[in-house]
Amino acid sequence: MKVKHILLPILLIASKIVYAQVASSNELDQQTEVKSIYVKLLVGFWESTDTLKHKIEFVDSRVICWLQQKGGGTFEFMKDSFDRVSSNGFIAAWPPFNCDLKLISKDTLQVLYSHFGSDAVVQSYVKLK
C-alpha cells in the first residue's frame, strides 16, 4: 500500500514534466517553422511604410527568387516545384545575412533582416501597383 502512495505522486510529477517539455518543443517548432509563399504574390516592387519609402523588388527566375534592394545586396530565396519560395532567404557572405518574410496580406509584407552578431530589424512594406 505504501508503494502506491509514493508511486502515484511520482507518476503525476513525471507526466507534468513530459507535458511541459512537449509543449515547449511545439512552441519552438512554431517559431522556427519555415513557411512558403507563392512567388507570384511577391514579384514586383514594394515600398516601406516608414517615412523613408525605401523600395525593394522581387525578381523571379527558374529556381531562385531574388529580393533586390538598392545598396543593400540581393537576398536569394529558393523555389520549389510548386512555384513557392521559402520564407527564409540569405546573402551568401560571411558572416551571413538573413531575411525572413511574412506575408501579412496580398499587399502587405513584413521583412525581418538579420546579420550574424547584430540586432534584427523588422520592416513593413506595401506592394506598389
Visitor: Roughly how far, to the nearest 0.5 Å, is CD of E47 from CG of L128?
Guide: 5.0 Å
Visitor: Counting N and O atoms only, with roles assigned by atom type, does the side chain of K55 sit under 3.5 Å from a partner on the main chain of K70, one being a donor and the other an acceptor?
Guide: no
Visitor: Does this structure show an ion pair linking K40 with D60, if we count only N-O contacts that are shorter than 4.0 Å?
Guide: no
Visitor: Taking atom CZ of R62 and atom CD1 of I64, what is their separation to the nearest 0.5 Å?
Guide: 13.0 Å
Visitor: Tell me which donor-acceptor pairs under 3.5 Å the side chains of residues 95-112 have, and how far apart each pair is, sequence neighbours excluded?
Guide:
unit_1 : atom_1 : unit_2 : atom_2 : d
D100   : OD1    : N88    : ND2    : 2.1
S105   : OG     : D107   : N      : 3.4
S105   : OG     : T108   : N      : 3.3
S105   : OG     : T108   : OG1    : 3.3

Visitor: Keeping the roles fixed (side chain from S87, backbone from K35), state whether a donor-acceptor pair exists under 3.5 Å.
Guide: yes
Visitor: Suppose we screen for side chain to side chain contact (heavy atoms under 4.5 Å, CB included). Which residues come up paired with D50, at least two apart in sequence or across chains?
Guide: S48, L52, Q123
Visitor: Are any of the side-chain heavy atoms of K79 and R84 separated by less than 4.5 Å?
Guide: no
Visitor: Under the criterion side-chain contact (heavy atoms from CB on, under 4.5 Å), I'd like the reasoning laid out for H54 against Q69: C-alpha separation, chi angles, the key distance, then a yes or no.
Guide: CA-CA 9 Å; H54 175 74; Q69 47 184 351; 3.9 Å; yes
Visitor: Quick one: are V59 and V43 in side-chain contact, heavy atoms under 4.5 Å?
Guide: no
Visitor: Look up atom CD in E57 and atom CZ in F45, then write down how far apart they are to the nearest 0.5 Å.
Guide: 3.5 Å
Visitor: According to the ring pair (Phe, Tyr, Trp, His ring centres under 6.0 Å) rule, which pairs have a member within residues 60-85, sequence neighbours left out?
Guide: F75-Y113
Visitor: Determine whether I37 and L42 make a side-chain contact, defined as any pair of heavy atoms from C-beta on separated by less than 4.5 Å.
Guide: yes
Visitor: Within a reach of under 6.0 Å around CZ of F90, are more than 12 heavy atoms found that belong to other residues, nucleotides or ligands?
Guide: yes
Visitor: Given side chains that start at C-beta, do those of Y125 and I56 come closer than 4.5 Å, heavy atoms only?
Guide: yes
